[in-house]
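So the structure is just underneath, and the comments pick up after that.
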Amino acid sequence: MKRWLWALLAVLLAVTALLGVLWSREARWSRADYCLETPGQVWGVAPVPAGATATCPASQTVRGEVRRGATRVEQYELSGWQPAPVLDALTAGGYAVLSRIPDDGIQEAAVLNGHGEQLTYVADRLDGNTLVTITARGEH
């Protein structure tokens, strides 16, 4: 009888552990920071610049694309018009600028290459502040 009880306990423990892992993986997609693969890092290669706040798009469509692995995205908000700090972090982290649309006071954009991938970088002026969006194709 004791063996049966220990076997049941082992099975229940394994099922509980599996459910915990599945729940924690699913919980990521309901969090506001679902798109950040390495919190505290810009694209996983450099520290988030001082004054920048990491965000993720609220769009359910984008959330689904990130979840499926079709795209990768990170966003950063900065006070005032500051298009350079996040771009500088990417270049310090090993990405090279392939092409660039210069700062016109409203938007700045660049295409970067490094670490085996190509990124699109767009800094937009939003209500006097800066919203930086970094995107890349996913694994699929």
Q) Would one find more than 12 heavy atoms of other residues, nucleotides or ligands at under 6.0 Å from atom CG of Leu98? A) yes

Q | Rounded distance [0.5 Å steps], CG in Leu78 versus CG in Leu131 | A | 9.0 Å

Q | Check: Cys56 and Leu36 side chains under 4.5 Å, non-hydrogen atoms | A | yes

Q) With a 4.5 Å heavy-atom cut-off, do Pro47 and Val42 have their side chains touching? A) no

Q. Given side chains that start at C-beta, do those of Leu119 and Tyr95 come closer than 4.5 Å, heavy atoms only?
A. yes

Q: May I ask you to test the Ile134-Thr120 pair for a side-chain heavy-atom distance under 4.5 Å?
A: no

Q. Where is the tightest heavy-atom contact between Ala110 and Val97, given as atom of each residue plus distance?
A. CB-CG1, 4.3 Å

Q. Quick one: are Val122 and Gln107 in side-chain contact, heavy atoms under 4.5 Å?
A. yes

Q. Are the side chain of His115 and the backbone N or O of Val45 linked by a donor-acceptor pair below 3.5 Å?
A. no

Q: Using modelled atom types only, decide if a donor and an acceptor are shared between the side chain of Glu74 and the backbone of Trp43 within a distance under 3.5 Å.
A: yes

Q) Does any N or O in the side chain of Thr135 come within less than 3.5 Å of the main-chain N or O of Val73, such that one atom is a donor and the other an acceptor? A) no

Q: Considering only NZ, NE, NH1 and NH2 on the basic side and carboxylate oxygens on the acidic side, decide whether Glu108 and Arg100 come within less than 4.0 Å.
A: yes

Q. Is it true that a side-chain atom of Tyr34 and a backbone atom of Pro57 form a donor plus acceptor pair closer than 3.5 Å?
A. yes

Q) So do Glu117 and Arg72 actually touch side chain to side chain, heavy atoms under 4.5 Å? A) yes

Q. Is Thr38 reaching over with its side chain to a backbone N or O of Gln41, donor-acceptor style, under 3.5 angstrom?
A. no

Q. Looking at CZ of Arg125 and CD of Gln82, how far apart are the two atoms once the value is rounded to the nearest 0.5 Å?
A. 10.5 Å

Q | Backbone of Leu126 reached by a side-chain donor or acceptor of Asp124 within 3.5 Å | A | no

Q: Heavy atoms only: give me the nearest Asn129-Ser79 pair and the separation to one decimal.
A: OD1-CA, 3.2 Å

Q: List the steps and the verdict of side chain to side chain contact (heavy atoms under 4.5 Å, CB included) for Gln75 and Val132.
A: CA-CA 5 Å; Gln75 288 185 324; Val132 171; over 6 Å; no

Q: Applying side chain to side chain contact (heavy atoms under 4.5 Å, CB included), run through Leu87 and Leu112 and close with a yes or a no.
A: CA-CA 9 Å; Leu87 184 60; Leu112 298 98; 3.7 Å; yes

Q. OH of Tyr121 to CG of Leu90: how many Å apart, nearest 0.5 Å?
A. 7.0 Å

Q | Result of checking Val48, Thr133, Thr55 against Tyr76 for side-chain contact (heavy atoms from CB on, under 4.5 Å) | A | Val48

